[in-house]
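First the structure, in the form of structure tokens, and then the observations on it.
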Amino acid sequence: MSASAFNLQKAIYAALIADAGLASLIGDPPRVFDDAPAGAIFPYVILGEAREKTLPGLDDAFEHELKLYVFSRYAGRRLVQENAGAGNARLARARPRQ
């Protein structure tokens, strides 16, 4: 993983754990992990696989893909969809550093 990919992952993590809406769904502080610890309390979010590729014709521009996984013991999909929606909304509001 490059430095830019790691910095992006750190920024995504920081945005997720700072979000009050997500905290109301998965606990305060929000349970967001690289890898869930043994006995982790449900629900929680895992920062999953990350991929990075150089954009054609641009030496210093990259496309990043990072998967987020939501784990819950709830029998339906509602809680997972609410968590995913809250996470997506928070990341959409994030502003890149200037």
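Quick note: residue numbers are just sequence positions, from 1. Note that the coordinates shown come from a computational prediction; the quantities given were computed from them, not determined experimentally.
Scored by the side chain to side chain contact (heavy atoms under 4.5 Å, CB included) test, A61 finds L55, L58 as partners (sequence neighbours excluded). Take F33 and apply the ring-ring contact (aromatic ring centres under 6.0 Å, His included) test, not counting sequence neighbours, and it matches Y44.
Within the model, atoms NE2 of H64 and CD of Q9 stand 11.0 Å from one another, a figure rounded to the nearest 0.5 Å. Distance CD/E52 to CD/E65: 12.0 Å, rounded to 0.5 Å. Note that the CZ atom of R51 and the NZ atom of K67 stand 5.0 Å from one another [nearest 0.5 Å].
In this structure, P43 and I26 have side chains that are in contact, with non-hydrogen atoms separated by less than 4.5 Å. Residues L8 and L66 are not in side-chain contact: their nearest non-hydrogen atoms beyond the backbone lie 4.5 Å or more apart. At a threshold of 4.5 Å between non-hydrogen side-chain atoms, the residues V32 and L68 do not count as touching. Counting heavy atoms from C-beta outward, D34 and I46 have side chains that stay 4.5 Å or more apart.
Put simply, the side chain of R31 never gets that close to the backbone of V45: no donor and acceptor are under 3.5 Å apart.
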